[in-house]
Amino acid sequence: DEGRAAFDALIAADGRIEPRDWMPEDYRKTLIRQVSQHAHSEIIGMQPEANWITRAPSLKRKAILMAKVQDEAGHGLYLYSAAETLGATRDEMVEALIEGKAKYSSIFNYPTRSWADVGAIGWLVDGAAIANQVPLCRASYAPYGRAMVRICKEESFHQRQGFEILLTLANGTPEQKAMAQDAVNRFYAPALMMFGPPDDASPNSKQSMAWHIKRFSNDDLRQRFVGMIVEQVKVLGLTLPDPELRYDEETKQWIHKELDWVEFMDVIKGKGPCNAQRLERRRVAHEDGAWVREAAAEYARKQQLKLAEASGKAA
Amino acid sequence: DEGRAAFDALIAADGRIEPRDWMPEDYRKTLIRQVSQHAHSEIIGMQPEANWITRAPSLKRKAILMAKVQDEAGHGLYLYSAAETLGATRDEMVEALIEGKAKYSSIFNYPTRSWADVGAIGWLVDGAAIANQVPLCRASYAPYGRAMVRICKEESFHQRQGFEILLTLANGTPEQKAMAQDAVNRFYAPALMMFGPPDDASPNSKQSMAWHIKRFSNDDLRQRFVGMIVEQVKVLGLTLPDPELRYDEETKQWIHKELDWVEFMDVIKGKGPCNAQRLERRRVAHEDGAWVREAAAEYARKQQLKLAEASGKAA
Amino acid sequence: AADNGEYAIWLGDDSLILAQRLAWWISRAPEMEEDIALGNIGLDLLGHARSFMTYGGKSIGKTEDDLAYWREEDEFRSVHLVEVPGQDFGLTIARQLFFSVYLELLYTRLLNSTDATIAAISAKALKEVEYHVDHATQWMLRLGGGTEESVRRIQHSLEVMWPYAHELFVDEPLHERLAATGVAVLPSSLKEDWDQRVTAVIEESGLGMPVAKDALCRGRVGEHTEHLGYLLAEMQVLARKFPGATW
Amino acid sequence: AADNGEYAIWLGDDSLILAQRLAWWISRAPEMEEDIALGNIGLDLLGHARSFMTYGGKSIGKTEDDLAYWREEDEFRSVHLVEVPGQDFGLTIARQLFFSVYLELLYTRLLNSTDATIAAISAKALKEVEYHVDHATQWMLRLGGGTEESVRRIQHSLEVMWPYAHELFVDEPLHERLAATGVAVLPSSLKEDWDQRVTAVIEESGLGMPVAKDALCRGRVGEHTEHLGYLLAEMQVLARKFPGATW
């Protein structure tokens, strides 16, 4: 039919779909799933870093970290809004998150055990997120792409801050350097897994690429990321916990150690060190805040009524 | 009439009134007020010391402190029970406490600012309590006297522990000794005020003494207490913050500095540093625990029903 | 000048401690918008604290971090109001109302401080604090004009925070010395305006003025609530494990 | 013997951390009787921890206080279950059920430890732990057989604590070495009895077995929850301000 033809033509021309445009139901569903998961990741992702706000070791770092975690809340909000343009409601999405029905990036189910983890998250996790997200700025669904543009700008700022935290630690006392190395050791593999399973085990990717949501395969993105951090880690004076890591000149590929995809799948399924904790924190915040949201809604209702009455009288 | 005659005779003979005995309404009311206030003091008095349990500086001290604060809960329970024999219910009494209608010893409205305060409370506050309470073991109302016997035994144990904390600090590093002296400085005057206003400003005392509830006047008890701590502070190697303190050989009285009865009355009226905090903590614990108490009551009701059914069937 | 520095540290202490309290809300607020709003207010206060402490520390050769991480509890000069945990949205809003209105009045007056640095920091802070007042006011209206439960809770919150509010207006000798030279404002001189402003918000929210009694608070002489020790233990733990380290 | 000492410290760490968690309840429990009961259980656990740590520290020249106050977070060997705050009565009861049944089974088996000190401490502790099991069981029955709200809350509490329970039964190399010499018990060998006992209580309480998934927990190798750092900051703050002091 006409809608589908227009959609296909737009995609073929690498154009942008707007909310009012016709789109296939699968495209809509895929996007709702992806965008809402992305939003959940921002919101849950606040927790591991918020864990160090009250204990940040200098006031400057405290301020930077507070601002960063806030930015993540902001990203969550843009993304929920983007998903809402596809017909999902924020309440539904939040409900699904709290009930454990929705996914989010499994990296946030690892704890932040030391201050250096805040640096490692900035450098590696935000770094991987950027590698993933920069191509999403050109996603075929326009509101998602626009949200990504805004988010990527802030993320790269965050990544630099994380790098700077690690750099300072790496140039600090021996204990500080050890703390930095330990954090890198723990976040390296989970960060590499953020790009998802190897291409041959990622069946949904093909359709997403055909729809111009995804632009590069998981493995391609992982390659780029590895290439990037291999250089950066030298500047830090730290090492990546991967003795097998090397560049294969023939295939032009980075060879890295085998990743533990069993653990990855376990964590996705809810068995990470912090899955239960992250969801419970969100649930408690939501439940404890119910009376506030109800009050705000009731107040708004009363204000509406007053306005209506006033305009009624005026008429 | 007969009841009153028996009561008067018993009092005159320094006998003991039991719950089933007739007693004047004023006597009952005075006792309910005094015993419930005393119970409230034990319960609220848990808070300033509980404040240091999680931070106690050695495991041995942590264990001793936990046991002590628990003992106070136990004292509270004995005393509520004693008050219940007079016809008050625990629910009523607890309600009155939470609503700010009941009094408790105003000393517990001062904060514990340092670990040494735990020692000072043991030495001075429990010391003053003992001086107050030992005569109450012979109170004419038998259940109150019996509760006091049990409580006094534990309190004198607590006092020794408090003294020992201060003694260890006083013999420790200069900072530790300063911490001990600071705590004594802050608790000295409030402890002296625990005996209540001077005799000429304490109108209710006379009746209580006639009824053999109270055995000594406020000032007499304060004198005894001062005499005691004057000796003990020497052993500690600390000083009392009272340059005017001296024994007057003529009057056989300790002369101590003017006490700030305005502050005392302010604190009693609710203006102490911690009045609001203490009551709010109690209120929150009570409110947060409501579902547990309701569950326990409902479970007991169902068990009763089952028992009744079972015995019905058996019959 | 030592007095000026000391005064700046007092101003910084209040904001630092409250920023630490507000930071707790990030990832725990009733709405995600509030994670951002409360976080922003905390961040503003932290910024003010840093400016005041950097200035205040100068005269005694201390950095903002020396002051935040290496002072003992009795060296802090914060008021009790900012020390209370307030891990309940109603409590936080009640406190924000009391404190933000106070800050707005204070910084407005400090625009004319004879200490140019204090005047400049106040000028910058004032714009942000105006938003804090607005935020607290809007929530007072919503909670006071919301549900039965929200009315009950915010009214109770006002009562719980009220005993600590009066300490904001206690004149200490330092204030008196500095008011004489036009550096500082006598806290007591803000009280009347504060009463009027706060009363107006409470009344507009359909709530009753608190009846709770003033608590005896002496934070300005280093006598703090039982809460501050816990807050500092957490805030300072990492920095103190690495004396002299750079972060 | 170094192994025996290390094992004793592991046993002590679990009890110490849980004692610290239970201590929080004193002055905050739903009934005054529970201030006493939870306090007593905490006190018992603290006592066991002290015995185990005193013994475990001997071989490395450390006192119980050295171990409690001067180790860093990654030197502790507690399981995640005891680290979770649990500042809700349901959460506390669910954890007490899981942990107390485990301890009862463990200490019963350790009566036969070839390490006479470990056997003796276990024997003394066992009597107290039996009461802990009874306390948790009684509350499970009451909350499970109470009101609609209590059923909802205790069921949720079981779910929240469940992910951490399985770590109690993970065999580490130390366990394997010491089980071979009859000093320790293989944690995994307690699992079947534990399942049976815990299931029986949950069923008798009219509740459902938790369906929450096991969390990846590695407390025994020093990888802890995000909660432990806060707990230690508070627990150690005073002792660390006075290195070498006597209390």
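Naming: A, B, ... by sequence-line order, numbering from 1 per chain.
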Criterion side-chain contact (heavy atoms from CB on, under 4.5 Å) on I53(A) and W24(C), from CA distance to verdict: CA-CA 8 Å; I53(A) 292 176; W24(C) 181 87; over 6 Å; no

A quick test of your reading: do over 12 heavy atoms of other residues, nucleotides or ligands sit less than 6.0 Å from [atom1] of [X]?
X: E99(A); atom1: CD; result: yes
X: F157(A); atom1: CZ; result: no
X: E72(C); atom1: CD; result: yes

Just so I understand: if I count every heavy-atom pair under 4.5 Å between each of [options] and chain C, which residue has the most?
options: R282(A), H286(A), Q303(A); answer: R282(A)
options: L169(A), T173(A), L77(A), I43(A); answer: L77(A)
options: E298(A), K60(A), K302(A); answer: K60(A)

Select, from [options], the one with the greatest count of heavy-atom pairs under 4.5 Å involving chain A.
options: G39(C), A239(C), A68(C); answer: G39(C)
options: G90(C), A49(C), G146(C); answer: G146(C)
options: M235(C), R240(C), M53(C), R153(C); answer: R153(C)
options: L141(C), D88(C), D35(C); answer: L141(C)

Can you tell me if [X] uses its side chain to pair, donor with acceptor, with the backbone of [Y] under 3.5 Å?
X: R61(A); Y: W247(C); answer: yes
X: Q176(A); Y: T246(C); answer: yes
X: D65(C); Y: L59(A); answer: yes
X: Y299(A); Y: L143(C); answer: no
X: R142(C); Y: A295(A); answer: no

Between OG on residue S27(C) and CZ on residue R281(A), distance to nearest 0.5 Å: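 It is 4.0 Å, given to the nearest 0.5 Å.
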
Reported NZ-to-CD1 distance for the pair K68(A) and I26(C), which is rounded to 0.5 angstrom: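 Atom-to-atom, K68(A):NZ and I26(C):CD1 are 13.0 Å apart.
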
From CA spacing to verdict: side chain to side chain donor-acceptor pair (under 3.5 Å), E234(C), T54(A): CA-CA 7 Å; E234(C) 184 174 316; T54(A) 58; 2.5 Å; yes

Engaged part of R301(A) at the chain C interface, taking heavy atoms whose separation is under 4.5 Å: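 When you check distances to chain C, no heavy atom of R301(A) falls under 4.5 Å.
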
Per-residue contact mode, A63(A) against chain C (heavy atom under 4.5 angstrom):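 Its backbone and side chain both get close to chain C.
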
Engaged part of [X] at the chain A interface, taking heavy atoms whose separation is under 4.5 Å:
X: W139(C); value: side chain
X: A29(C); value: backbone
X: L16(C); value: side chain
X: L46(C); value: side chain

Test log, rule side-chain contact (heavy atoms from CB on, under 4.5 Å), inputs W291(A) and R152(C): CA-CA 11 Å; W291(A) 71 275; R152(C) 184 181 59 74; over 6 Å; no

Distance-minimising heavy-atom pair for L43(C) and Q70(A):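 Closest approach of L43(C) to Q70(A): CD2-OE1, 3.3 Å.
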
Closest non-hydrogen atom pair between A19(C) and M66(A), with its separation: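 Heavy-atom minimum between the residues: O-CE, 4.5 Å.
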
NZ/NE/NH1/NH2 to OD/OE distance under 4.0 Å, R293(A) and E149(C):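 No, this pair does not count.
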
From CA spacing to verdict: side-chain contact (heavy atoms from CB on, under 4.5 Å), R55(A), Q236(C): CA-CA 7 Å; R55(A) 296 178 293 177; Q236(C) 299 177 333; over 6 Å; no

E33(C) and R90(A): CA distance, side-chain angles, deciding distance, salt bridge (Lys or Arg N to Asp or Glu O under 4.0 Å) verdict: CA-CA 13 Å; E33(C) 285 80 356; R90(A) 187 163 129 193; 2.8 Å; yes

Within-4.5 Å side-chain heavy-atom neighbours: V94(A) and M32(C):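 Sidechains of M32(C) and V94(A): in contact.
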
Check: K241(C) and E175(A) side chains under 4.5 Å, non-hydrogen atoms: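 No, side chains not in contact.
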
